[in-house]
Engineer: 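Handing you this structure, nothing more for now.
Basis for what follows: all heavy atoms, side chains included, without hydrogens, waters or symmetry-related copies. In the text below, chain A, chain B and the rest are named by the order of the sequence lines, each starting its count at 1.
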There are 2 protein chains.
Amino acid sequence: MPDLTALETAFETAGHRLTRPRRALAELIEARDGAFSAADLVADAQGRRLGIGRATIFRAIELLEEIGALERIDLPTGEHAYVPCGPAHHHHVVCRRCSRSVEIGDLGLGALARDIARKTGYRIDVHRLELFGLCPDCQLASVPA
Amino acid sequence: MPDLTALETAFETAGHRLTRPRRALAELIEARDGAFSAADLVADAQGRRLGIGRATIFRAIELLEEIGALERIDLPTGEHAYVPCGPAHHHHVVCRRCSRSVEIGDLGLGALARDIARKTGYRIDVHRLELFGLCPDCQLASVPA
DNA sequence: CGTCCAATCGAGACTGTGTATCACTTGGTT
DNA sequence: AACCAAGTGATACACAGTCTCGATTGGACG
């Protein structure tokens, strides 16, 4: 059973069935190459008449999130988006135009969080850093001068 | 017209009318002393039979956010919460039990963002850092040993 | 390779958050 | 006191995400 994409493999290695809808969704997500909303995925699936139900799409997203193959991003608008990623602790830089994103490592944030814990007295369990801007391509495209 | 709370003052100085519903909401928010959801505020208002419409509550939250007197927090659960704050750039540490929160300054994050921009080639416009954990009080309360 | 069943699915009802509309009210200015 | 733009409440609406349930299926096992 070769030719499994990263997300398909993620389903399998986490001990979940590799069903037809899940394969199709993995493909759609990987074809997007960047952050996407649940609505994007629903639209993609409907557009290709794959016959995949809305609930299945939300369930797949939820599952991939639990597995750690997908992470939820909170856009500045308040909407949710999801971006494929590896399981290690990291953060994302998301292009606000094309939604392509890159992972960045911890970059000293863990130490910063400890520092903040010490100063505030809080015990910090979770931190989230998200950065938004323009990717190199979109910078070029938006500076016609 | 003395005795204006911080949020009431925020409405006024931003050039908006200080109406009865807005005063009441400012009071409710300040009484909460921490992060709250829109639903919390709706419940508070209904509980006190203030006769304030749902739409008015959402409009007040939106307005306070524009003014910079309130900031939206994206909880790890995906829900939205709001926390009163000053207009300067800062971040929040939120207690996941009691929702009380403290502001922290930039703490070198601006420099970190520039560093990330250089490494990734992205032009970074917005960054958001949110930290969640237990405040000192809730740590005490949850360690009965 | 056929059986089997727990995992999964699709359809559609439902909940909750947030927005839009519109006729009515009111703060605050003159 | 009069005026009117800003604001309000009721209500309908749009959309994200969840739940239920009967039907389907992946893949394990013989």
Side-chain angles (χ1 to χ4, degrees), chain A residues 1-2 4 7-28 35-67 70-82, chain B residues 1 4 7-28 35-46 48-67 70-82:
Chain A
M1 52 215 73
L4 290 191
L7 289 178
E8 287 174 335
T9 306
F11 277 122
E12 279 219 324
T13 63
H16 295 280
R17 286 193 188 165
L18 196 45
T19 63
R20 202 187 53 78
R22 284 178 182 168
R23 278 174 181 266
L25 289 172
E27 211 172 298
L28 288 179
F36 60 91
S37 67
D40 289 335
L41 220 48
V42 171
D44 284 0
Q46 285 186 336
R48 300 203 191 179
R49 312 201 187 292
L50 297 173
I52 300 177
R54 255 169 55 84
T56 299
I57 293 177
F58 280 96
R59 284 186 288 234
I61 289 174
E62 184 186 18
L63 185 53
L64 287 170
E65 220 185 325
E66 285 173 18
I67 290 173
L70 217 56
E71 191 174 312
R72 195 193 66 237
I73 297 285
D74 300 291
L75 301 179
T77 58
E79 293 158 344
H80 290 166
Y82 302 87
Chain B
M1 52 213 70
L4 290 191
L7 290 178
E8 286 175 336
T9 306
F11 277 122
E12 278 220 323
T13 62
H16 296 279
R17 286 191 186 167
L18 197 46
T19 63
R20 200 186 55 76
R22 284 178 182 169
R23 279 174 181 267
L25 289 172
E27 212 171 298
L28 288 179
F36 59 92
S37 67
D40 288 336
L41 220 48
V42 171
D44 283 2
Q46 284 187 337
R48 300 202 192 179
R49 311 199 188 291
L50 297 174
I52 300 177
R54 254 169 52 85
T56 298
I57 293 176
F58 279 96
R59 283 186 288 235
I61 289 173
E62 183 186 17
L63 185 53
L64 288 170
E65 220 184 325
E66 285 173 17
I67 290 173
L70 217 56
E71 191 175 311
R72 195 193 66 236
I73 296 285
D74 300 290
L75 301 179
T77 59
E79 294 158 343
H80 291 165
Y82 303 89

Engineer: Mind checking B:Gly51 for me? I need base, sugar-phosphate or nothing, with any heavy atom below 4.0 Å counting as a touch.
Structural biologist: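 Sugar-phosphate contact only - B:Gly51 comes under 4.0 Å of backbone atoms but never of a base.
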Engineer: Please give, in whole Å, the distance from C:dG12 C1' to A:Ile52 CD1?
Structural biologist: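 Roughly 18 Å, once rounded to whole Å.
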Engineer: Which nucleotide sits closest to the side chain of A:Thr56: D:dT8, C:dC9, C:dT17?
Structural biologist: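 Closest nucleotide to the A:Thr56 side chain: C:dC9.
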Engineer: With a 4.5 Å cut-off on side-chain heavy atoms, are A:Phe36 and A:Leu70 touching?
Structural biologist: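 A side-chain contact under 4.5 Å exists here.
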Engineer: Tell me which nucleotide among D:dG27, D:dT8, C:dG18 gets nearest to the side chain of A:Leu18.
Structural biologist: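 Closest nucleotide among those given: D:dG27.
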Engineer: Please state how far atom CZ in A:Arg59 lies from atom P in D:dT25, giving the value in whole angstrom units.
Structural biologist: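 For the pair A:Arg59 CZ and D:dT25 P, the rounded distance is 15 Å.
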Engineer: Reckon A:Ala55 touches a base, only the sugar-phosphate, or nothing at all at heavy-atom distances under 4.0 Å?
Structural biologist: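 Contact class for A:Ala55: base.
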Engineer: Under 4.0 Å from OP1 or OP2 of D:dG17: is there any side-chain N or O of A:Tyr82 that close?
Structural biologist: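 Indeed, a polar side-chain atom of A:Tyr82 lies that close.
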Engineer: From the list C:dG18, C:dT26, C:dA20, which nucleotide is the closest neighbour of the side chain of B:Arg17?
Structural biologist: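 For the B:Arg17 side chain, the nearest candidate turns out to be C:dT26.
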Engineer: Atom CG in B:Asp74, atom NE2 in B:His80: separation rounded to 0.5 Å?
Structural biologist: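 Going from the CG atom of B:Asp74 to the NE2 atom of B:His80 covers 4.5 Å.
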Engineer: Using atom CZ of A:Arg20 as one end and atom C1' of C:dA7 as the other, report the distance to the nearest whole Å.
Structural biologist: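 Atom CZ in A:Arg20 sits about 16 Å away from atom C1' in C:dA7.
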Engineer: Given B:Val42, which of B:Ile57, B:Thr56, B:Ile52 fulfils the side chain to side chain contact (heavy atoms under 4.5 Å, CB included) condition?
Structural biologist: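 Of the listed residues B:Ile57, B:Thr56, B:Ile52, the side chain to side chain contact (heavy atoms under 4.5 Å, CB included) partner of B:Val42 is B:Ile57.
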Engineer: Check the distance between C:dT25's P and B:Arg22's CZ and give it to me in whole angstrom.
Structural biologist: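 Whole-Å distance recorded here is 18 Å.
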Engineer: Go nucleotide by nucleotide along DNA chain D from the 5' end; which of B:His16 and B:Arg54 gets its closest nucleotide reached first?
Structural biologist: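 This one resolves to B:His16.
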Engineer: What is the distance, rounded to the nearest whole Å, between atom CZ of A:Phe58 and atom P of C:dC14?
Structural biologist: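 So the two atoms are 19 Å apart, to the nearest Å.
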Engineer: What heavy-atom pair brings B:Arg72 and A:Thr77 nearest, and what distance separates the two atoms?
Structural biologist: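 Answer, listing the atom of B:Arg72 first, then A:Thr77: NH1-C, 3.8 Å.
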Engineer: Of all the choices, C:dG18, D:dG9, C:dG27, which nucleotide is nearest to the side chain of B:Thr19 once you look at every atom?
Structural biologist: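 The answer is C:dG27, which lies nearest to the side chain.
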Engineer: What is the separation between atom CD1 on B:Ile57 and atom P on D:dT8, rounded to the nearest whole Å?
Structural biologist: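 Spelled out: CD1 on B:Ile57 to P on D:dT8 is 11 Å.
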Engineer: Tell me the interatomic distance from A:Glu79, atom CD, to D:dA16, atom P, rounded to whole angstroms.
Structural biologist: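 After rounding, the reported distance stands at 8 Å.
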Engineer: If I take atom OG1 from residue A:Thr13 and atom CG from residue A:Leu4, how far apart are they, to the nearest 0.5 angstrom?
Structural biologist: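 Answer rounded to 0.5 Å: 10.0 Å.
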Engineer: Any side-chain N or O of B:His80 below 4.0 angstrom from OP1/OP2 of C:dT17?
Structural biologist: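 The answer is no; no side-chain N or O of B:His80 sits under 4.0 Å from OP1 or OP2.
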Engineer: Taking atom C1' of C:dG18 as reference, at what distance in whole Å does atom CG of B:Asp40 sit?
Structural biologist: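 It is 15 Å, rounded to the nearest whole Å.
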